[in-house]
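One structure is given below, represented as structure tokens, and several questions about it will come after.
So you know, we letter chains A, B, ... as the sequences are listed, proteins then strands, and number each from 1.
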Amino acid sequence: MVRYELKKALDSRGGKVALALYLALVILMCWLSVGSVTWVDDQGGHIKGPAAAQKLRQAQSQWEGFVDQELLNRVLQENQRIESTPQAQSQDVTQRDIAFGWKQGFAPIREMISDSYRDSFRDYDYYTADRLTEIDEQTFYGNRIRLLEQWLYDETDSAFTRFSEEEKQYILEQYRQFQSPVYFEYHEGWYWLLHNTSWLSYEILILSFLLAGLFTNERKWKAEAVYLSTPLGRKMATAAKVKAGIALITLLYWAAILVYSLVTLGCLGAQGGGCMIQVRSWQCMYNLSIAHVWVIQVVCGYLGQLFLGLLVMYTAARFDSAPLAVSVPFLLYFLPGFLEGQADWLDRLLKLGPTTLTDGYSQIRSFDLVTVFGKVFPPLQLCVPVYLALSLVLIPAIGAGFRRKQIA
Amino acid sequence: MELKITHLTKTFDKTTAVDQVSYTLRPGVYGLLGVNGAGKTTLMRMLTTLIKPTSGDITWDGEDIFQMDEQYRKRLGYLPQDYGAYPEFTVQEYLSYICVLKGIRPAAAGRKVKQVMEQMGLQKAKNKKMKTLSGGMKRRAGIAQAVLNDPEILILDEPTAGLDPRERIHFRNLISEMAQDRIVLLSTHIVSDVASIANEIMLMKDGRFISTGTVEALLAGSPEKAWTCRCTRSQAADLEKRYKVANVVPGTNGLTLRLLAKERPVEDAVLEETTLEDVFLSYMGERSGDADGSL
Ligand SMILES: Nc1ncnc2c1ncn2[C@@H]1O[C@H](COP(=O)(O)OP(=O)(O)O)[C@@H](O)[C@H]1O
Ligand SMILES: [Mg+2]
């Protein structure tokens, strides 16, 4: 029965259009990721894609290792050497690009230095590392927590009131647990894989047309009267619709993840997933590797898609309206943007919206926290059980709505 | 095998579509005859569990059909008035799918689909998509799906609407073949569809059964008799105002009218044998010609 439901959904022209759009989305994601890696060669020319990744990997292999006193010294010295060359001093863009090109092997470490030696938590100056004359491992890592503390307890900064004392302690504790020194190696494949995964959350906007159609097409095709007057139509076949919907969400999501990650890691290299996220997001408070963040993003993303998909199906079955059903995820995606900053309680609620799940990467980089009964949680940690429970409630509710349907 | 309706009523907002209908159906062919809006479709939707009655009961061998739920629908075959199917399915896929919905085991389903396609003359179209079928072929597929489970109750809502005369005859023969040992209820607003094949006819108007029984009983109980008379055009216009006119035949000098009247309408009128169409018109027709009443 599930097979027939999938056939109904996918064989129609709308189904084919949705699949084509979906494929386009995955291709776009692959193209964005693979095209994100650039390499500047000795002549100042730019290349992109797998060839650039290959060059960058070679260059960065020279700088692989724990970011400790020794490596920091090497980076700073090499950076200063390059800065003093005529190319770096030149006013000519191409000459400067050539100088920039020489730094690519250690660029992420150089940026960590700029990140660490910033003036205050909120300031960032890309050129800080170029002005630094000496570096010390203790200070390099210590700056992180020192600046954070300053920021959290600065009465002139909005952070002072934004966080409760418990929340401040929570963030500080996360920072304290950060293990230094961090390990550095080439990780562009994983980084861009993670960076563009959240595009996949738009799949639900496409998929919702198929999901709503599962329930509204019976009437559109005038097949409803026969369907609901058959012995199994109301119970088993309606359950098959729900199953088909879940199968569509699940299969398409994981197929997209599989294709996208194979293409991205295949073109850009699969090494470096173990690097800490702080190598690229210095201030991130969660102590996770890039690959780990990606897994969280993907798994939470799936749960978010599943929930939104079930909500679309529920709306379609309950109100018998495809336009209404497909507008549900649109509203949930775009409404929070309009409502943000209107009221404190609303902001707090928005943090727990289903789109929190579909953008785990942003969540992990943000300082958003929710306090429930005096305990501090990252929003994601609350959203997972809440939306899992809501999804489990929705599944039987979808069928119940459609099963009792009357045709008049 | 007894489908019993008691005081069945369905009200939509203001309209009462079915009004206190009681009737008992046993195996045989029943013709539900009424003009558009009489309540035929609403009645059938209740009999197929698609809508719940406002009041009254429907029982199958004494058991409430809404309680029986799946057990009742197992015995049911239904062709809705506004029938449609999955546009991208081929005829064969479609019928196989309906077998699944009807809980027919896969082993039996293949055979059944083949047999029904032969019976309905659908073999040639079996690999055609439903959306490409002509009106007549689509209707055949509609009847085919209804009979896949050998239903004890076969409900066909205006099955002949839109069919050409040849298909209509073919269809009437099909019904007669299928009528063995089951209840066949078909609705129509066309008298000739049911006159020859129905064992019993229910005349429905404004949600009520206004006359029921065999063709003979209906004829005998007709409130008016049929008469023919010859007259001029001006006389005809006058008569049309006072009587229901079943037929007008233009002649060389004047017209021949077939009128319905309790008493002889004019001096030289000749009493004719009443037909079912006359009865239908007598109950349903407005004076000066209701198109639905005459074929
Ligand atoms: N869903 C509905 N809502 C409101 N009125 C309805 C609905 N369905 C049918 N009716 C009304 O009930 C009456 C009977 O309709 P129907 O059963 O379709 O008659 P028939 O099939 O004999 O043409 C009509 O007056 C129609 O307008
Ligand atoms: Mg009707």
**Contact leader toward chain A among B/Pro80, B/Gly103, B/Pro87, where contacts are heavy-atom pairs under 4.5 Å** = B/Pro87
**Complete:** Listed by number, the residues in residues 237-249 of chain A that come under 4.5 Å of chain B (heavy atom to heavy atom) are A/Ala237
**Complete:** Under 4.5 Å to a heavy atom of chain A? For B/Ser96 that would be both
**Item:** Value rounded to 0.5 Å, distance of CD in B/Gln81 from NZ in A/Lys222
**Value:** 10.5 Å
**Prompt:** Got more than 12 heavy atoms from elsewhere within 6.0 Å of NZ, B/Lys114?
**Reply:** no
**Prompt:** Side chain, backbone, both or neither: which part of B/Tyr72 has a heavy atom under 4.5 Å from chain A?
**Reply:** neither
**Request:** Could you grab the distance from atom CG of B/Asp82 to atom CZ of A/Arg219, nearest 0.5 Å is fine?
**Result:** 11.5 Å
**Prompt:** Say you draw a straight line from OG of A/Ser229 to CG of B/Leu101; how long is it, rounded to the nearest 0.5 Å?
**Reply:** 9.5 Å
**Asked** Between A/Trp221 and B/Tyr86, what is the ring plane arrangement, given parallel below 30°, perpendicular above 60°, and tilted in between?
**Response** perpendicular
**Item:** Per-residue contact mode, B/Ile51 against chain A (heavy atom under 4.5 angstrom)
**Value:** both
**Message:** Take a 6.0 Å sphere around CZ of A/Phe334 and say whether it holds more than 12 heavy atoms from other residues, nucleotides or ligands.
**Reply:** yes
**Item:** Heavy-atom pair count under 4.5 Å with chain A, highest-scoring of B/Lys74, B/Lys52, B/Arg75
**Value:** B/Lys52
**Asked** Can you tell which of A/Pro231, A/Ser12, A/Ala223 has the highest number of heavy-atom pairs within less than 4.5 Å of chain B?
**Response** A/Pro231
**Asked** Where does B/Lys131 contact chain A at under 4.5 Å (heavy atoms): side chain, backbone, both or neither?
**Response** neither
**Heavy atoms of other groups near A/Tyr202 OH, more than 12 under 6.0 Å** = no
**Neighbour count above 12 (heavy atom, 6.0 Å) for B/Lys4 NZ** = no
**Item:** Enclosure of A/Trp31 CH2 (heavy-atom neighbours >12, cutoff 6.0 Å)
**Value:** no
**Asked** Residue by residue, which of residues 138-155 of chain B have a heavy atom closer than 4.5 Å to a heavy atom belonging to chain A?
**Response** B/Gln145
**Message:** In the structure I gave you, are the side-chain heavy atoms of A/Thr230 and B/Arg73 within less than 4.5 Å of one another anywhere?
**Reply:** no
**Message:** Show the nearest heavy-atom pair for residues A/Arg234 and B/Thr49, with the distance to one decimal.
**Reply:** NH2-O, 3.1 Å
**Prompt:** Above 12 or not: heavy atoms from other molecules or residues under 6.0 Å from CG of B/Asp206?
**Reply:** no
**Prompt:** Should we count CZ of A/Arg403 as having more than 12 external heavy atoms under 6.0 Å?
**Reply:** yes
**Message:** Please determine whether the number of non-hydrogen atoms from other residues, nucleotides or ligands lying under 6.0 Å from atom CE of A/Met236 exceeds 12.
**Reply:** no
**Message:** For A/Lys7, is there any backbone N or O sitting under 3.5 Å from a side-chain donor or acceptor partner on B/Glu88?
**Reply:** no
**Complete:** Heavy-atom closest pair (B/Val100 atom, A/Leu232 atom, distance to 0.1 Å) is O-CD1, 3.4 Å
**Message:** To check you understand the geometry: which heavy-atom pair defines the closest contact between A/Lys235 and B/Asp69, and what is its length?
**Reply:** NZ-OD2, 3.4 Å
